[in-house]
Amino acid sequence: MVRDGDVVALEGFTHLIPFAAGHEIIRQGRRNLSLIRMTPDLIYDQLIGAGCASKLTFSWGGNPGVGSLHRLRDAVEQGWPQPLLVEEHAHAGMAAAYAAGAAHLPFGILRGYLGTDLPKYNSNIKFIDCPFTGERLAAVPAIRPDVTVVHAQKADRRGNVLMWGVVGIQKEAVLAARRSIVTVEEIVDRLDAPPNAVVLPSWVVGAVAEVRGGAFPSYAQGYYPRNNAFYKQWDSISRERESFQSWIERHVLGTSDFDGFKQSLLEAATHA
Amino acid sequence: MVRDGDVVALEGFTHLIPFAAGHEIIRQGRRNLSLIRMTPDLIYDQLIGAGCASKLTFSWGGNPGVGSLHRLRDAVEQGWPQPLLVEEHAHAGMAAAYAAGAAHLPFGILRGYLGTDLPKYNSNIKFIDCPFTGERLAAVPAIRPDVTVVHAQKADRRGNVLMWGVVGIQKEAVLAARRSIVTVEEIVDRLDAPPNAVVLPSWVVGAVAEVRGGAFPSYAQGYYPRNNAFYKQWDSISRERESFQSWIERHVLGTSDFDGFKQSLLEAATHA
Amino acid sequence: MPENGYTADEMMTVAAARMIRNGAVCFVGIGLPSAAANLARLTHAPDTILIYESGTIGTKPSVLPLSIGDGELAETADAVVSLPEIFAYWLQGGRIDLGFLGAAQIDRFANINTTVIGDYYKPSTRLPGAGGAPEIAASSKEVLITLRHNKRAFVNKLDFVTSGGHMEGGDSREKMRLPGKGPTAVITDLGILTPDPVTRELTLTSVHPGISVQKAVEATAWPLKVAPQLHTTEPPTETELAVLRDLYARTARAHAGDA
Amino acid sequence: MPENGYTADEMMTVAAARMIRNGAVCFVGIGLPSAAANLARLTHAPDTILIYESGTIGTKPSVLPLSIGDGELAETADAVVSLPEIFAYWLQGGRIDLGFLGAAQIDRFANINTTVIGDYYKPSTRLPGAGGAPEIAASSKEVLITLRHNKRAFVNKLDFVTSGGHMEGGDSREKMRLPGKGPTAVITDLGILTPDPVTRELTLTSVHPGISVQKAVEATAWPLKVAPQLHTTEPPTETELAVLRDLYARTARAHAGDA
């Protein structure tokens, strides 16, 4: 469902990051994607390093608690493997832009971007005046991805999706998108969602696929914890182009699915 | 905590309507309140009929499923017991205005009020142009009550509040207000809130009081159903000024609290 | 009651229910629209998604709600969201196939009034007001309206336009940039009116069994246009009537309450 | 390591933690701010409300989170909300007493850079960027900043202003209408800097035990102002050190993971 040149958002704020789906995009060799994500994280480091992306819209691009995303930096600083156009925001602005997208408004407003240089480098940050008080507020255009991909804990057989814990911007990202794909930890007979839970009804979801462990090395609350050790290892894997390339070729391009990927990682660890 | 002349919002969209707190405002004889509420319902019919209000901001003023709010109509049509200034919206606009209030933005935007006469009669509905697309959108000023009162299912001993079911605009109304009062069905040792439940942390709530059954004749999901029969009876109680006055004097002004009110209703029903 | 054993209100509700295609996402107002939508769900359209403005999405009540936010709507919903969310992400979000409204007054272009009869500041009758209707009428991909047919309701000029239909006819709705395509049918206790494809004026296209054209024309304050190919509505089937009556009976029992 | 048995980082974290008054609502960045805020919660300020930008409100983690949205933050929170909500209703809503930030670069008016070193389009180092920081810095009633003290960090001119402090000093922050009152202290591994009440220029008001004024001055790329009444920071107490080390030890064990 992802095509070359698409505007694509893979969301999940530290939690439920759709790594399995991201790997599939790499395996399919997609090119010239305009990637959107508040916190690019390792999955976008991999997509960028693998040459899938020509643009990145984001608001915080690091390896959380560890340091830099080296492939992102290499693309920005050296243009490798290809130049990467950057549209840079703050979290508050991107959250408002996704919310506007979900609401099909053309823009979102916030009391934001005050005292920061970001508007100097991002022409998509404008300012408008309140028609009642005259206060100047920031405005950002709605985010409307061609495709949004998220990972969630459960879906039922009808395709209704339930997620819980840190739910981030996932609901908005799905509702803002023209098409959407949701991978889930498990498909169950009944969701048994608690009242007011975050549920995406089947009719707003394009496709649902069961991919157990599909958020590794991020986490799925109630299923498995964040693999902090992998996040730390990524720093050395990704630091050099060569080590990154051999990793992605062996573990992602050299495997046929996410189970294969994890099996391959396990074998590498065992033989290390 | 409610003073004469205050801007007051009692919220609860068909569910968890804070009747007990509303009766207390009537008993205290508050005057010149600017009342805000999306759906005035019986509680505002009572407040208006009792002479507490000089202004009403609302978006749907009826007895749901039954018909008119006769005291509201009498105030608007005949100025009894005093003239009532009306600021009239649509639900979508009021929801956006409360959300703006909760976000401390001066206004909210929506693709709304298109094709309706409402803006001709409400100068608080304006239109602004999207700085990106030029699309004309409606703007409404934020709602910022002096006091918001809501009813919820549970609070814990620290004052954290949990509500579930139809949660309407209650969270926004509390977060938009300068002061807030929450009545609850019960105070418990532990909330045991499900993930992502609607919880108001104690430090955003001004005061919490346990009033079991405090939403009667509306309902509290998990505690008691809506008393539809009372809603239907209200039509005849409220239809004439005399029947309304004798009801409010006997059952509200003539009782000292909500338990007394309910006891008084029960006695009337038994002796009828 | 017509001799064949159903009331005019039953015919209206059945005719309205039939307009709902299975699987449609319906944003439903309380009263007649709610009855028709639930009848559809219980008969030919079991996969219809019902949304009430209380934030209950995909709700499956066993009885008709008295209010827009009855407890059973929440208990049987796929999701229950806040009011800012239901209006912003779901209705304004363009996700509603069919908005279903009642009205106190309607004009020839299917604009409706639920606000005041008479002058706004000195009304002879103060009605409940807008609620969710203006944005349901504007943003739903398609709108159905159902109300009883008489001259007090089918007026020449609305005292107040609460919710826009086809505005002044022709392409005036598009010019005002209302997102959805507006009312596609008005279902009354006498027949069915649909907008002319060009002028957008409501035209009588079907009369219910036993109803004369003349009766519909006389119940309309403007000179009602009548389609050259006038249909007669199929009378309610036994199943439709049985399901509807059963629904009302269950509802009456449930709403007797305990006061 | 200083001879009295604690590291400069430990002194910095303890000094930062002490700035948090019990009961304050703190919006906390990851890294040193998170360590300091949790140390405060585990020592003198047990009723501190910790909020992380992942939407976790009133969270009480037993170990330091590696990311801003670790599972334990959600499990131990009073409420977990979406990102639009945490930024709109909670941060912009004016409910945060204390924003607590780290930085890569800081200038004399406590403006900070976490975006790029060098030219924006040809950076020598591309840093992670803004995240929640610009609005934390703007909207919190008060801001604390903590970072290590050296000339690469304490620069004469920022390569990029990611988050506004006191802007160009004086009343320039108020004039730009940033809602909160801005940074009230910068806590480093050498001492504590606070803005001058009038000029808003950061002034060294306390040095940590064993640190000379000269060392702090030399670690600052601008001519650092020193308060006439210079304090010496109280060294970490045994309790503070024990709690902090225990926290780090628990954290290290927890983050070893299973890869």
**Heavy-atom side-chain proximity of B:Trp203 to D:Ile57 below 4.5 angstrom** =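 They are in contact (side-chain heavy atoms under 4.5 Å apart), so the answer is yes.
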**Request:** Would you indicate whether the side-chain heavy atoms of B:Lys171 and D:Val81 approach each other to under 4.5 Å?
**Result:**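 Sidechains of B:Lys171 and D:Val81: in contact.
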**Asked** chain B heavy atoms under 4.5 Å from D:Leu91: which part of the residue, side chain, backbone, both or neither?
**Response**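 The answer is neither part of D:Leu91.
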**Message:** Between D:Glu85 and chain B, with a heavy-atom cut-off of 4.5 Å, which part of the residue counts as in contact: side chain, backbone, both or neither?
**Reply:**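 Contact with chain B is through the side chain of D:Glu85 alone.
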[X] atom [atom1], neighbour heavy-atom count above 12 within 6.0 Å:
X        : atom1 : value
D:Glu168 : CD    : no
B:Glu210 : CD    : yes
B:Arg31  : CZ    : yes

**Message:** Strictly distance-based, threshold 3.5 Å: is any side-chain N or O of B:Asn196 a donor or acceptor partner for the main-chain N or O of D:Val80?
**Reply:**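 It does hold such a pair.
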**Minimum-distance pair of heavy atoms, taken over all atoms of D:Arg95 and B:Leu175** =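 In terms of heavy atoms, the two residues are closest at NH2-O, 2.9 Å.
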**Item:** Most chain D-contacting option - heavy-atom pairs closer than 4.5 Å, from B:Ala102, B:Ala99, B:Ala197, B:Gly101
**Value:**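 Highest number of pairs under 4.5 Å: B:Ala102.
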**Message:** Apply side-chain contact (heavy atoms from CB on, under 4.5 Å) to residues B:Val204 and D:Tyr89 and explain how you reach the verdict.
**Reply:** CA-CA 11 Å; B:Val204 297; D:Tyr89 288 2; over 6 Å; no
**Prompt:** Top residue by heavy-atom pair count (under 4.5 Å) with chain B, among D:Pro179, D:Gly23, D:Gly94, D:Ala88?
**Reply:**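 Maximum pair count with chain B is reached by D:Ala88.
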**Prompt:** OG/B:Ser202 to CG/D:Asp47 distance, rounded to the nearest 0.5 angstrom?
**Reply:**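 Output value for this atom pair is 9.5 Å.
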